[in-house]
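All chains are named by letter (A, B, ...) in the order of the sequence lines, taking the proteins before the strands, and each is independently numbered beginning at 1.
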There are 2 protein chains.
Amino acid sequence: MSTGDLAVDVLRRIAVEPVTRSALAKEMGLAPSTISAKITDLMAAGLVEEGGAAPSRGGRPGRLLSITYQTGRVAVISMGAKHANVALADLARTIHVNTAITIDVAQGPEATVELIAAEVRSLLTSHGGELLSVGICIPGPVDVKRRIVIAPSRMPGWHNQDVGALLEKSLGVPAITDNDANLAALGEYLCRPDAASNSITVLAGTGVGTGIIAGGELYRGSTYASGDITHTKVEAAADRMCSCGNRGCLETIASGAAIVRDLGAAGIEVKDIFEVLEMVRDGDPTANGVVREAGRQLGLALSTVVNFFNPGDVYLTGALSAASVYVAAVRSQVYERCLPLATAGLRVDATQSGNEAGLIGAAELAILHLLNQPSLPARFSEPAG
Amino acid sequence: MSTGDLAVDVLRRIAVEPVTRSALAKEMGLAPSTISAKITDLMAAGLVEEGGAAPSRGGRPGRLLSITYQTGRVAVISMGAKHANVALADLARTIHVNTAITIDVAQGPEATVELIAAEVRSLLTSHGGELLSVGICIPGPVDVKRRIVIAPSRMPGWHNQDVGALLEKSLGVPAITDNDANLAALGEYLCRPDAASNSITVLAGTGVGTGIIAGGELYRGSTYASGDITHTKVEAAADRMCSCGNRGCLETIASGAAIVRDLGAAGIEVKDIFEVLEMVRDGDPTANGVVREAGRQLGLALSTVVNFFNPGDVYLTGALSAASVYVAAVRSQVYERCLPLATAGLRVDATQSGNEAGLIGAAELAILHLLNQPSLPARFSEPAG
DNA sequence: AACCTTTAATTCGACATCGAACAAAGTATC
DNA sequence: GATACTTTGTTCGATGTCGAATTAAAGGTT
C-alpha cells in the first residue's frame, strides 16, 4: 500500500521500527540521496529524530531513525450486531489494548457510536496516549468515497448513515469507515511479510464475507459490493430459502447463524457461535459435525472464486477460523475442487493475527487518512500531552 | 493501460488520430510544457511530424501532430483448435485485414506456427506495410513472464512451448503471447470509451473462458490461471462427468462443445458451433432451446463471480455472443440472481468489436512490447520499404 | 600502526515534470 | 480596422528524483 506521498511512506516505515537511512533506501527501492533528502525534511519538521547507532555490519555503522512523536494513538473499532471490539494502536499498527463492549445496533447510529466513543475515551484515560485518528469496521457494505453505510442487512436503520462523521464529532479527530471483510483482508495482507499480492480473506463469524487484495491493493469493486460469496448456490442448501429471495445460498448453511440454527434443529439449543466453538473445543460430536459441514460448504463455494480469481493466498479469519476442523474442511475442499493450475502454490491458512486483522487494517487506513490531512506536520510536532 | 514511459504513451495517442499539443495535455493530464518537450524529442527522432492546422475554437488554432511512419503493421493471430484468424493492424490498433485459415493444433507448434507465419507473409505481400511486431491469442493458459503455454487441455503437445519464440524466428520481429480470454478482455476494455475500470469478459465459443480487468489493468492471477468459470458447479449438470474429474461443471452444459453434443443426443447431428448458430438464425426451435439453456447456465455461474468481483461491466464475446437468445439468457439470469448492490449500474453487453476484441488486445500488447524494445527509434525512423 | 575493505551517508550534476508567465495567432466586437 | 478576448504553444525557474563520485566511520590484516 503506497500512499503516493513519499514522505508519508518513509514516515510510516520509521514508525514501525527504528531503521537506518541505507536500510530505508534498500527496502523502498529509492536512491540513498533521495532518502537523505526526505529525512532532512522530516527532521526539520520535527517528525523524526536520530537515535543510537545500529550495530556495524563490517563497515561504518548506520544511525537509527525513529519518530519523535511516540504517544500518538489511533482508535480502531470492529463492530458486530451485539458486540464491538474497541482498541488502541500506535502508528506502527501495533495494538496496545483491545476491549470488548456490548452494544445493540438496533439502538441506532447515534447511541451506538456514543457507547463506542465513551469506551475510546476511557481507554485513553487508563492507558495514556493522544488520540490522532479513528478507524471502524462495519459489518455491511460501505461506500468509502461518500463515506456512508449502504443497505446493511444486519443493521436496519443504518442505511446512508455517515458513521465516520458521528465519530469525528464525538472524538474530534479524523475518522475512516470501511467494510469489516475489506479491512480484515488489508490487515492480513499487512501482517504477513510473505503475503501474495493477490489474496482472498474470508471473515467467517455470524455471517460470512470476503475481502479481496488484487495486485497488492485492496479491491472494493465498482459499487463497493465486492467479496460477496454468501449467495453462491450450493447443492446441500438447495431446499433452504435465503433472505435474498433465492434458494440454495451458502449463507443458509455455512454461516455462524446457520450453524446455531442447525444445532437448534438437532435439539441442541445454543446462544451464539462462540458457544458452538466451545462445544467443538470440548469435543462435542454433533457440534463438530455441523462446523465441519459448514467448512466443507464454504470450501466448495470458495473453490469457484479461487478458480476465477486465482489468488496466491486464501486467509481464514473470524470466530470460525479458530476451529481447526473448520479450517481443515475448507482447505481440503479447495484443494480437491480447484484446478491444478489454480492450486499450484496456493496457500489456505487461518489468520495469524489472533483475529485482529480487521483492527490492523482499520489502523492502516486511519493512519493513512491522518497523514494525508493537510495540517499534519503541526499536529505531529506538538509535544505529547 | 499506461506503459510507464511517457514518450510511448504520447506516441500511441498520436498514432490513434492526429491531435494537437494542447489536446494531448488535457487528455493525459500533463502540463503543456511537458507535452511540448516530449513532442520536440519525438520530432527530433523522426517519429512525429506536424500536419495541418486544427480548426480554430475561437482562438489560435492548434497544429495537428501525426506519426511519420504510417505503414508499420502488427500481425495479430487468434488461434483455435482447427482454425486461426490472422490479421494485420496498424499502430492505432485498427485492423486492416482479417483472414481465417485452417490449422490443426495436433500437428504441433512448429508446423502450426509455420502455417500462420506463411499467412502473415502473404497478407503483407498483398496488402503492403512493414511488419513491426506480432501478437497471438492462445486458447489455453499462458505464463506471460516465462512466455510459455501451460498445460492447455485443448492443445496436447503444446505444454511448455514458447510460441512467441517460434513466431520471432519465422517472422524476424518481436512477438507476444497471451491467453485468448485475457486479450479479449483487454481489447473490449480498449474498444469502449465508457468502459468500467472493473470488468469481466466472457469468451464463449467451443469452450468458455473469461478475462478480468481490475482497476483498469488486465488481471492475470497469481499463476496466470485467472478467469476460469467452466468448473463452477451448476445443478443442471449434476449428473455430467467433466474432464476435470468432478461432476456438475458448467463446461459440460454451457460450452459450444456441450451444445453440439446435446443436439447430437437429441438426434440433430451438427459439425460445430457455427452450424448451430446458423440453425438458431434460421429459427430452429431445438437449437434455440439448447443455446438459450446454455446461456441460462452461464448466467447462473456468472452471477456467483459478479457477486464476488462486483464489476461495472460484463462483456460477452466469442461465437455464441452473436446469438441474441444467448445474450438475453445470460443477462436475465445475472440480473435475477445477483444482489441488488452488485447489479446497480451493472452493464451486461455483447461485444461491439465484431469478435475482434482478442485481436485488438493482442495488437495492444504487441505494440507496447515493440515500443519497449531498446532499439525502437531506429526501426521507426526507417522510411517505409 | 598503516593500510585495505566494507558499509553509511552526503554532495553534486543530470534529467523529467510542473506551474506560472509570456508570446503567438487566431476570433469577436465595436 | 483597432481593440479585447481566447486559445495554443514556448520559455523559464522550482522541485523531486536519480546515479556517480566522494566523504565518513567503522572492522580486518599484515
Need one value for B:Gly62: base, sugar-phosphate or nothing, where a base atom within 4.0 Å counts as base even if backbone is also close, heavy atoms only.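 Sugar-phosphate: the residue B:Gly62, judged by heavy atoms under 4.0 Å, touches backbone atoms but no base.
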
Side chain of A:Pro61: nearest nucleotide among D:dA26, D:dG9, C:dA9?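 Of the options given, the side chain of A:Pro61 lies nearest D:dA26.
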
[N], OP1 or OP2 - any side-chain N/O from [X] closer than 4.0 Å?
X: B:Arg63; N: C:dA25; result: no
X: A:Lys38; N: D:dG16; result: no
X: B:Ser22; N: D:dT7; result: no
X: B:Arg21; N: D:dT10; result: yes

Output yes when a side-chain donor or acceptor of A:Asn198 lies under 3.5 Å from a complementary backbone atom of A:Gly215, and no otherwise.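 The answer is yes, because a donor-acceptor pair under 3.5 Å joins these two groups.
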
Give a yes or no on whether the backbone of B:Arg220 and the side-chain of B:Ser226 come within a donor-acceptor separation of less than 3.5 Å.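 It does hold such a pair.
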
Mind listing the side-chain donor-acceptor pairs of residues 24-31 of chain A below 3.5 Å, one per line with the distance, residues two or more places apart or on another chain?
| from | atom 1 | to | atom 2 | distance (Å) |
| --- | --- | --- | --- | --- |
| A:Glu27 | OE1 | A:Arg13 | NE | 2.5 |
| A:Glu27 | OE2 | A:Arg13 | NE | 3.4 |
| A:Glu27 | OE2 | A:Arg13 | NH2 | 2.9 |

Of the non-hydrogen atoms in [X] and [Y], which two are nearest, and what is the gap between them?
X: B:Gly358; Y: B:Leu183; value: O-CB, 3.7 Å
X: A:Glu188; Y: A:Ala357; value: OE1-CB, 3.4 Å
X: A:Pro311; Y: A:Ser199; value: CB-CA, 3.9 Å
X: A:Leu65; Y: A:Ile14; value: O-CG2, 3.5 Å

For B:Arg192, is there an ion pair with B:Asp313 - N to carboxylate O distance below 4.0 angstrom?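 So B:Asp313 does not pair with B:Arg192 through a salt bridge.
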
Tell me the interatomic distance from A:Ile39, atom CD1, to D:dG16, atom C1', rounded to whole angstroms.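 In whole Å, D:dG16 C1' lies 15 Å from A:Ile39 CD1.
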
A:Leu6 CG - D:dT15 C1' separation (whole Å):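 These atoms are roughly 13 Å apart.
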
Using the test ring-ring contact (aromatic ring centres under 6.0 Å, His included), find all partners of B:Tyr219 that sit at least two apart in sequence or belong to another chain.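 Per chain and number, B:Tyr219 pairs via ring-ring contact (aromatic ring centres under 6.0 Å, His included) with A:Phe309.
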
So if I take residues 24-36 of chain B and measure heavy-atom distances to DNA chain D, which residues fall below 4.0 Å?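 When residues 24-36 of chain B is checked for heavy atoms under 4.0 Å from DNA chain D, the hits, listed by number, are B:Lys26, B:Pro32, B:Ser33, B:Ser36.
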
All side chain to side chain contact (heavy atoms under 4.5 Å, CB included) counterparts of B:Ala363, not counting sequence neighbours: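 Checked B:Ala363 against side chain to side chain contact (heavy atoms under 4.5 Å, CB included); matches are B:Val74, B:Val76, B:Ala89, B:Arg93.
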
Point-to-point distance, once rounded to the nearest 0.5 Å, from NE2 of B:His127 to NE2 of B:His96: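 If we round to the nearest 0.5 Å, B:His127:NE2 and B:His96:NE2 are 10.5 Å apart.
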
Between B:Gly58 and B:Ala37, which is nearer to the 5' end of DNA chain D once each is assigned its nearest nucleotide?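 Its nucleotide being nearer the 5' end, the pick is B:Gly58.
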
Residue whose closest nucleotide on DNA chain D lies nearer the 5' end, B:Arg57 versus A:Arg60: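 On the 5' side of the pair lies B:Arg57.
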
Five-pair end axes of the helix from C:dA1-D:dT30 to C:dC30-D:dG1 and the angle they enclose, rounded to 10°: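 One end's axis against the other's: 20°.
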
For DNA chain C, which residues in residues 48-56 of chain A have a heavy atom at a distance below 4.0 Å?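 Contacts with DNA chain C under 4.0 Å: none.
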
